[in-house]
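As the structure is a prediction and not an experimental result, all values here were calculated from the model.
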Amino acid sequence: MGAKHFLRACALASLGAVALCKPVENQRRAAFAEAQKLADPSYGPVPGEDPMFNSHWGKTPTWPGNLTDAILPTKKGAPGVDDHVWQNLLAAEWIIFSFYQQAVEMFNESSFIAAGYPNTTYKRVQEIRNNEAGHLRIFQNQISATSVKPGSCKYNFPYNSPSAFLALGTVLEISSMAFLTGLVQQVKLDSAKGAMVAIAETETRHEVWALMDIWKVLSSTSNLVVPGSCPRENPEYPTPSQHLPALGASKKTKSLAPGATIELAFNDPKNQPKFVHGRQYYAVFFHGVKNETVPIDTRRWPQQGIQVTIPAKFEEKGVIAAVVADTPGAPTKETIVAGPGIILEQPEPLGVKLL
């Protein structure tokens with residue numbers, strides 16, 4: 001809730017609640033005002049120059065991750081040519097930063113050692129948290145003064161152990177790389193493309209660390225953003241959003257290894273795919289540079305499940321992304337009717353899972 005909305009709620013509170021509202025109101029005013037200072041690109045430490053973004057140790061959020069309000073426009077006029085792309089990236093970066101920040105607060109060095117990981121793991125998690133805070137600032141500064149710079153929401157991260165956290169971190173880092181690879185093709189300014197390449201280099205380092213040191217188990221994820229928790233000033237994320245049905249594997253599925261036959265599941269009862277009678281649909285799998293299309297039979301859905309076989313030619317390593325599409329290869333986002341689902345394959349076949 002933004003400061004102005006909180007103040008309105010306090011104004012409508014009963015007389016008995018006013019005394020309780022006042023101290024919190026003052027705190028929210030101060031937090032909101034501090035966040036608005038971030039509209040000035042020269043305010044505060046500079047990523048890439050200030051060592052804080054590498055060596056801020058401890059459980060307190062790394063600046064500017066402690067300033068979670070949306071930053072309001074300071075000028076009137078048309079949005080910058082690439083603003084919507086950077087708004088998407090900033091909203092996504094709040095998820096990544098909050099993911100690592102929560103782990104820093106939840107665990108300590110002993111937590112990871114007891115789980116069988118190197119004694120440097122907790123420090124490395126803090127380093128990555130710091131890097132992501134620097135990305136927050138970079139993305140904020142890329143958005144023009146005529147557009148809102150999104151603030152943080154509340155998030156549901158499905159982990160309660162160091163192992164589950166590290167596994168989910170692998171998913172998020174790999175997803176970040178895929179996200180950046182797509183968005184760098186959308187931006188128009190060369191400076192924006194350069195900034196994204198620089199960010200991608202850091203995310204690659206995070207990903208490599210995760211794959212080398214901690215890739216031992218897998219975890220699934222769902223919608224991480226708590227509904228209604230974002231600052232009201234935030235634009236929709238992502239923009240534009242297709243609101244595609246989530247794609248998963250049914251509980252009947254016994255294996256997600258290449259060559260295995262799985263049953264698709266669309267787990268949100270309020271958002272189910274719409275299959276047109278007589279039209280052919282496909283499961284499209286992406287792995288590395290490979291793109292494999294497998295026809296699926298949707299004629300008896302939802303009374304009967306949809307079966308599909310994961311291409312056997314894929315190796316049991318890395319990540320396989322899957323979507324349901326009405327066109328072979330899913331050449332455009334408009335051809336996708338459900339997904340994506342992410343299949344993480346272990347270096348050893350240790351119970352892969354569709355996310």
Side-chain angles (χ1 to χ4, degrees), residues 1-12 21 24-47 53 60-102 129 131-157 172 176 179-180 183 186-187 192 195-196 199 223-241 243:
M1 179 184 292
K4 61 182 181 181
H5 300 291
F6 179 83
L7 297 178
R8 186 179 302 125
C10 279
L12 296 175
C21 221
V24 180
E25 171 190 330
N26 292 336
Q27 292 175 8
R28 288 296 300 123
R29 280 183 184 273
F32 184 80
E34 186 67 20
Q36 300 319 298
K37 295 179 182 179
L38 297 172
D40 179 0
S42 65
Y43 177 71
V46 178
F53 294 106
T60 59
T62 312
W63 187 93
N66 59 315
L67 305 175
T68 58
D69 283 290
I71 305 166
L72 303 182
T74 56
K75 295 181 180 179
K76 294 183 179 180
V81 64
D82 291 324
D83 278 0
H84 73 285
V85 179
W86 288 110
Q87 286 172 327
N88 275 333
L89 272 171
L90 179 54
E93 190 62 32
W94 273 116
I95 298 175
I96 302 296
F97 171 80
S98 301
F99 169 77
Y100 285 105
Q101 177 60 34
Q102 178 176 300
R129 181 269 313 267
N131 292 168
E132 304 298 1
H135 295 172
L136 287 174
R137 191 59 180 143
I138 291 171
F139 294 166
Q140 288 170 346
N141 288 341
Q142 290 293 330
I143 300 171
S144 71
T146 55
S147 294
V148 171
K149 305 173 195 285
S152 179
C153 309
K154 296 185 184 300
Y155 308 101
N156 283 321
F157 297 116
L172 293 179
S176 295
F179 197 30
L180 286 164
L183 289 182
Q186 296 182 21
V187 293
M196 287 190 187
I199 296 298
N223 186 358
L224 301 178
V225 180
V226 176
S229 70
C230 299
R232 296 187 184 184
E233 299 86 354
N234 277 17
E236 181 184 23
Y237 167 75
T239 302
S241 176
H243 301 289

message: Applying side chain to side chain contact (heavy atoms under 4.5 Å, CB included), can you list everything that pairs with Pro79, at least two apart in sequence or on another chain?
response: Asp83, Ser147

query: How far apart are the closest heavy atoms of Ile143 and Leu90, and which atoms are they?
result: CD1-CD2, 3.9 Å

field: Spacing of OG belonging to Ser152 relative to CG belonging to Leu67, to within rounding of 0.5 Å
entry: 11.0 Å

- request: Could you grab the distance from atom CD1 of Ile138 to atom CG of Leu89, nearest 0.5 Å is fine?
  value: 11.5 Å

Within-4.5 Å side-chain heavy-atom neighbours: Trp94 and Thr68: yes

- prompt: Under the side chain to side chain donor-acceptor pair (under 3.5 Å) test, which residues partner Thr62, sequence neighbours left out?
  reply: Arg129, Asn130

field: Listed partners of Ala39 passing side chain to side chain contact (heavy atoms under 4.5 Å, CB included), at least two apart
entry: Ile71, Thr74

- prompt: Does a side-chain heavy-atom distance below 4.5 Å link Pro150 with Pro235?
  reply: yes

field: Any residue meeting side chain to side chain contact (heavy atoms under 4.5 Å, CB included) with Lys76, in chain and number order, not counting sequence neighbours
entry: none

task: Would you name the heavy atoms of Gly134 and Pro47 that are closest together and state the gap between them?
output: O-CG, 3.5 Å

- prompt: Where the side chain of Lys75 meets the backbone of Ala145, is there a donor-acceptor pair that is under 3.5 Å apart?
  reply: no

message: Just verifying a value: how many Å separate Ile96 CD1 and Tyr155 OH, rounded to the nearest 0.5 Å?
response: 10.0 Å

query: Asn234 and Ala70: which non-hydrogen atoms are nearest, and at how many Å?
result: OD1-CB, 3.4 Å

task: Report yes or no: do Gln87 and His84 form a side-chain donor-acceptor pair below 3.5 Å?
output: no

All pairs passing side-chain hydrogen bond (donor to acceptor under 3.5 Å, both in side chains) where residues 32-41 contributes a residue, at least two apart: Glu34-Lys37, Glu34-Tyr43, Asp40-Ser42

message: Run the side chain to side chain contact (heavy atoms under 4.5 Å, CB included) test against Pro45 and tell me which residues pass, sequence neighbours left out.
response: Asp50, Met52, Phe53, Trp63

message: Tell me if a side-chain donor or acceptor on Asn66 pairs with a main-chain N or O of Pro61 at a distance below 3.5 Å.
response: no

Spacing of Asn141 atom CG and Lys149 atom NZ [to the nearest 0.5 Å]: 6.5 Å

message: Could you check whether any side-chain heavy atom of Asp69 comes within less than 4.5 Å of a side-chain heavy atom of Arg28, counting everything from C-beta outward?
response: yes

statement: All heavy atoms of Ser229 vs all of Lys154, minimum pair found to be OG-N, 2.8 Å

task: Heavy atoms only: give me the nearest Glu93-Leu136 pair and the separation to one decimal.
output: CG-CD2, 3.7 Å

- request: Evaluate the ring planes of Trp86 and Phe139, with Trp represented by its six-membered ring, and classify them as parallel (under 30°), tilted (30 to 60°) or perpendicular (over 60°).
  value: tilted

